[in-house]
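What follows is one structure encoded as structure tokens, with my remarks underneath.
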Amino acid sequence: MEVDAIANVADDVPDRKQKVRLETVSKLASLSVKADSTVEHLTPQAQVLARMAAEAKQHRDEDWDIRPHAMLEAAAPTRQQFDEPSTSPVVVMRNPVAGPLDVGGSTELSEPVPFNTDEPIPYESSLFKGTMHLHIRGLENTKEHKFTGKKRFLHIAFQGRFKRDVKASDFWSGHEWFSVSDMVPTSFVNIGYTAAAKMFSSTTRVCPSTSNGQVAGFLNPVLASCQLVNVSQPGQEPDMWEAEEDMRLLSDALTDKNGNPMPAEKRRRWFDSPANAGSVLISKDYVYTWHVWQHWCNISTYRLQLNSLLSFDLCQFSEGQPMQIMAKDQSTGEYSINLLLWHKRLLFSDPPSEAHSLRERLTSGVSSLRASWKGMLASK
């Protein structure tokens, strides 16, 4: 496909706002065109934009009630995908902005990523190659034994090798958004992002606004936030679900006074220091096993439960953008993983009579959040 043709993608899109967004995508792609105007000669970022624009054309007639953000439209599920009985109302997709991500032998943006499986799923990005398990609570295909006796709503495990060395101080995870509602004050968004980030580590990077062309959201150092990390010699790696905390291969500082592995909680505090993180190199020579889980957001309902009194519906504030499972090398922008956790209510309203315009949902969300906040204050 030639880049010149990308500009034509938006020509027959009836929705004016979406047309403007697609035209913006085509302009961004054209900025990076070299002498030859084929996609293969674009910069990697522009290749992603070109690919997204072309695939968005295939999706433009989907009957979404809420239009997904243009940058994510190529990976926005259909109603049929959301209604798959074993996983409804959740669909996991590859994030278009991360470049090709091979999961289970496919890189198709419109193809759902398997989860709640018995066997690990092979995956490969430009930065990492290995296998993963993704488990989500509260669905028909949930493996209940993965959550028995635990509060967590989501648990994801990875095992594999990096394709190159990465500085620990550059390896971050979190959430990125391309737009933030103008109905929510920036100061409030900043407080919300900071509070969310602080749940994982003290060291954070928060950007509450996209006004300067930045990506909004929050990031945390992976090694200061993930619950379990095991580093092994190739061929000596443990079973993914039997792995124990052990990072001694990366630094003598990650050993206790008896020569045993530093406990996970101490390791997280140790890497929460930028100086400590800057002294460690994540070597491509080893096999890594990572476990991450969270108990704040119920993916099956898309509600964030901060405590027994304060909770709110994430769909009302998302602007057609789902939660992510993401980790990246901040120095290059390469992702080791980047998946989108879609919920049906992000894009569809059932029953149809339910208010589903973006502004109506945001108004309702802001009102309910204020009511919850007042209720919490009144109870003190």
Side-chain angles (χ1 to χ4, degrees), residues 1 3 6 9-10 18 20-33 39-40 42-60 64 67-77 91-103 106-113 123-128 132 134 156 163 166 170-180 193 205-207 209-220 222 318-342 346-347:
M1 183 186 75
V3 174
I6 301 174
V9 169
Q18 186 65 11
V20 171
R21 285 175 170 171
L22 290 177
E23 288 173 344
T24 301
V25 167
S26 68
K27 290 176 182 177
L28 287 171
S30 67
L31 292 176
S32 301
V33 177
V39 168
E40 287 73 18
L42 292 174
T43 65
Q45 181 183 18
Q47 287 186 38
V48 172
L49 292 170
R51 182 184 181 200
M52 184 277 290
E55 295 202 26
K57 182 177 181 179
Q58 299 174 13
H59 285 260
R60 70 182 185 274
W64 294 301
R67 200 80 187 184
H69 192 281
M71 294 295 286
L72 304 177
E73 185 166 328
V91 178
V92 180
M93 306 291 269
R94 302 158 185 82
N95 193 331
V97 304
L101 177 64
D102 188 323
V103 182
S106 173
T107 60
E108 289 299 317
L109 296 176
S110 59
E111 182 178 315
V113 171
Y123 90 94
E124 181 176 2
S125 67
S126 62
L127 188 59
F128 191 88
M132 72 173 184
L134 171 59
I156 185 165
K163 295 183 176 181
V166 178
D170 289 333
F171 196 44
W172 292 65
S173 64
H175 292 272
E176 298 173 325
W177 284 275
F178 296 104
S179 65
V180 178
Y193 284 177
R205 293 177 181 172
V206 174
C207 181
S209 173
T210 59
S211 59
N212 295 321
Q214 305 177 83
V215 176
F218 62 86
L219 297 172
N220 303 85
V222 171
S318 66
E319 293 207 314
Q321 300 169 93
M323 295 178 63
Q324 296 171 275
I325 296 172
M326 179 274 283
K328 66 190 294 186
D329 179 347
Q330 282 286 89
S331 68
T332 65
E334 286 182 284
Y335 294 88
S336 67
I337 189 75
N338 199 330
L339 300 176
L340 303 173
L341 302 175
W342 292 95
L346 286 167
L347 303 178

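Numbering of residues begins at 1 and proceeds along the displayed sequence.
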**Message:** Treating S173 as the side-chain partner and A327 as the backbone partner, does any N or O pair qualify as donor plus acceptor under 3.5 Å?
**Reply:** no

**Request:** Please examine the side chains of L72 and P322, heavy atoms only from C-beta on, and report whether any two atoms are closer than 4.5 Å.
**Result:** yes

**Request:** Please list, chain by chain and in numerical order, all residues satisfying side-chain contact (heavy atoms from CB on, under 4.5 Å) with E124, sequence neighbours excluded.
**Result:** D102, K129, K163

**Prompt:** What is the distance from atom OH of Y335 to atom CD of E176, rounded to the nearest 0.5 Å?
**Reply:** 3.5 Å

**Message:** Using a 3.5 Å distance criterion without hydrogens, assess whether the side chain of R67 forms a donor-acceptor pair with backbone atoms of E73.
**Reply:** no

**Fill in**
Scanning both residues in full, the closest heavy-atom pair of P77 with M93 reads CG-CG, 4.0 Å

**Fill in**
Exactly one of N95, N338, I156 clears side-chain contact (heavy atoms from CB on, under 4.5 Å) with I325, and that residue is I156

**Item:** Reported CG-to-CG distance for the pair L341 and L134, which is rounded to 0.5 angstrom
**Value:** 6.5 Å

**Asked** Just by modelled atom types, is the A75 backbone N or O under 3.5 Å from a matching donor or acceptor in the W342 side chain?
**Response** yes

**Prompt:** At their closest point, which heavy atom of L347 faces which heavy atom of A76, and how far apart are they?
**Reply:** CD1-CB, 4.0 Å

**Message:** As a quick check of understanding, evaluate side-chain contact (heavy atoms from CB on, under 4.5 Å) for V166 and T332, giving each step before the final call.
**Reply:** CA-CA 10 Å; V166 178; T332 65; over 6 Å; no

**Item:** Q330 side, atom CD; F171 side, atom CZ - distance, nearest 0.5 Å
**Value:** 10.5 Å

**Message:** Please give me the minimum heavy-atom distance between M132 and V113, naming the atom from each residue.
**Reply:** CE-CG1, 3.8 Å

**Asked** Does Q321 reach the main-chain N or O of H69 with its side chain, forming a donor-acceptor pair under 3.5 Å?
**Response** no

**M326 side chain reached by V97 side chain, heavy atoms, under 4.5 Å** = no

**Message:** What I'd like to find out is whether the side chain of E334 reaches to under 4.5 Å of the side chain of S125, using heavy atoms alone.
**Reply:** no

**Complete:** When every non-hydrogen atom of L219 is compared with those of H175, the smallest separation belongs to CD2-N, 4.5 Å

